[in-house]
Amino acid sequence: MKKFLFAFEPNIPIFQYSNIPVSLTGEQMQGRGKGLIFIISAPSGTGKTTLVRGVMEQLPDLRFSVSYTTRSPRANEREGEDYYFVSPSVFQKMVERGEFLEWAEVLGNRYGTALASVNQLASKGMDLILDIDTQGAKKVKEKVEQTVLIYILPPSLEALRERLVKRGLDSPEMIKFRLANARRDIEEAHWYHYVIVNERVEDAVEKLKAIIIAERCRRDKSFILEEKSMGGKSWRELLLRIV
Ligand code: 5GP
């Protein structure tokens, strides 16, 4: 399978998936190397959304990829901010047209990451956050080289149960179902690059921030060493002058 690769040259197709070319331009090319995709997965009720909001308030050039879903909006959710809410038939047409980077069925509803959204954000020079489940994470990992996988764990299953009850969104049956699902889901955490236990939100946000900053430093390494990032010179050229 072809891996997506964000490259330096402007306007070349970065990844070619289905029939939609994805390319990066200007801003991203000037400053650094490949755009990163941070995938955040967690059982529902773990506080993932709060962590993502927390880190996005603090770090620049980071954008949230808004998914498509067939589920109905909850009371506090907004079209285009939390999700694009579409009918099952619209979702199915998007699947058939190859418009998703990945999609999956989660708890009876379908969710997908549109390739066009990822392309649009990447073209603005942003690193992306995808809040997607483990099935979707696996697919993106296979297709996109610069994927960083982060799994958020609750402090315990009991703590998760308490949070789900307190949240007040689900019936007792649904809570049972979510917990059973969480057990299965957590078994997938071992193939993620990082695991964060969300015991205290502030600490978990700090850890998430640290991961993103460290991965950006790693990504920028060859740019700093090889490209003309130091006043039009690369470090390699500067070193040659000294010797
Ligand atoms: P919720 O309905 O609680 O917002 O989300 C349910 C699950 O669907 C969460 O685990 C969330 O990460 C996942 N999800 C949301 N968007 C996507 C997506 O685009 N693709 C996949 N594979 N999962 C998603």
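Atoms within each ligand, like the ligands themselves, are counted from 1 in listed order. Bear in mind that the values here come from a model prediction, so they are computed numbers and not experimental data.
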Quiz item: Between Val55 and Ile129, is any pair of side-chain heavy atoms under 4.5 Å apart?
Solution: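 SC-SC contact between Val55 and Ile129 confirmed.
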
Quiz prompt | 4.5 Å side-chain heavy-atom contact, Ile40 and Leu130 | solution =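 Of all side-chain heavy-atom pairs linking Leu130 with Ile40, none is under 4.5 Å.
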
Quiz item: Can the ring centroids of Phe91 and Tyr111 be said to lie less than 6.0 angstrom from one another?
Solution: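 When the ring centroids of Phe91 and Tyr111 are compared, they turn out to be at least 6.0 Å apart.
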
Quiz item: Taking the minimum heavy-atom distance to atom 22 (N) of ligand 1, which of Thr134, Asp133, Asn181 ranks first?
Solution: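 Going through Thr134, Asp133, Asn181 one by one, Asp133 has the nearest heavy atom to atom 22 (N) of ligand 1.
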
Exercise. Report yes or no: does His193 contribute a side-chain atom to a donor-acceptor pair with the main-chain N or O of Val148 at less than 3.5 Å?
Key: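 Side chain of His193 to backbone of Val148, a donor-acceptor pair under 3.5 Å: no, none is there.
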
Decide whether an N or O pair under 3.5 Å exists between [X] and ligand 1.
X	value
Glu102	yes
Glu77	no
Gly112	yes

Quiz item: With a 4.0 Å cut-off on heavy atoms, does Gln135 reach ligand 1?
Solution: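 Per 4.0 Å heavy-atom rule, Gln135 does not contact ligand 1.
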
Quiz item: Under 4.0 angstrom from ligand 1, any heavy atom of Tyr83?
Solution: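 Contact present.
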
Exercise. Enumerate the atoms of ligand 1 whose separation from the nearest heavy atom of Lys48 is less than 4.0 angstrom.
Key: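 Taking each heavy atom of Lys48 in turn, ligand 1 has 9 (C), 10 (O), 11 (C), 12 (O) under 4.0 Å.
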
Exercise. Check ligand 1 against Gly136 and write out every atom of the ligand that is under 4.0 Å from a heavy-atom position of the residue.
Key: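 The atoms of ligand 1 under 4.0 Å from a heavy atom of Gly136 are 22 (N).
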
Practice problem: Quick one: closest heavy-atom pair of Leu164 and Gly45, and the distance? | Solution: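 Scanning both residues, the minimum pair turns out to be CD2-CA, 3.9 Å.
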
Exercise. Of all the heavy-atom pairs spanning Asp82 and Asn76, show the shortest one and how long it is.
Key: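 Of all heavy-atom pairs spanning Asp82 and Asn76, the closest is OD2-O, 4.2 Å.
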
Quiz item: Taking heavy atoms and a distance under 4.0 Å, where does Thr113 meet ligand 1: side chain, backbone, both or neither?
Solution: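 For Thr113, backbone and side-chain atoms both sit under 4.0 Å from ligand 1.
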
Exercise. If the plane angle is over 60° it's perpendicular, under 30° parallel, otherwise tilted; pick one for Tyr151 and Tyr192.
Key: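 Correct class here is perpendicular.
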
Quiz item: Please state which protein non-hydrogen atom is closest to atom 12 (O) of ligand 1 and give its distance, to 0.1 Å?
Solution: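 Going by distance alone, atom 12 (O) of ligand 1 is nearest to Asp131 OD1, 2.7 Å.
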
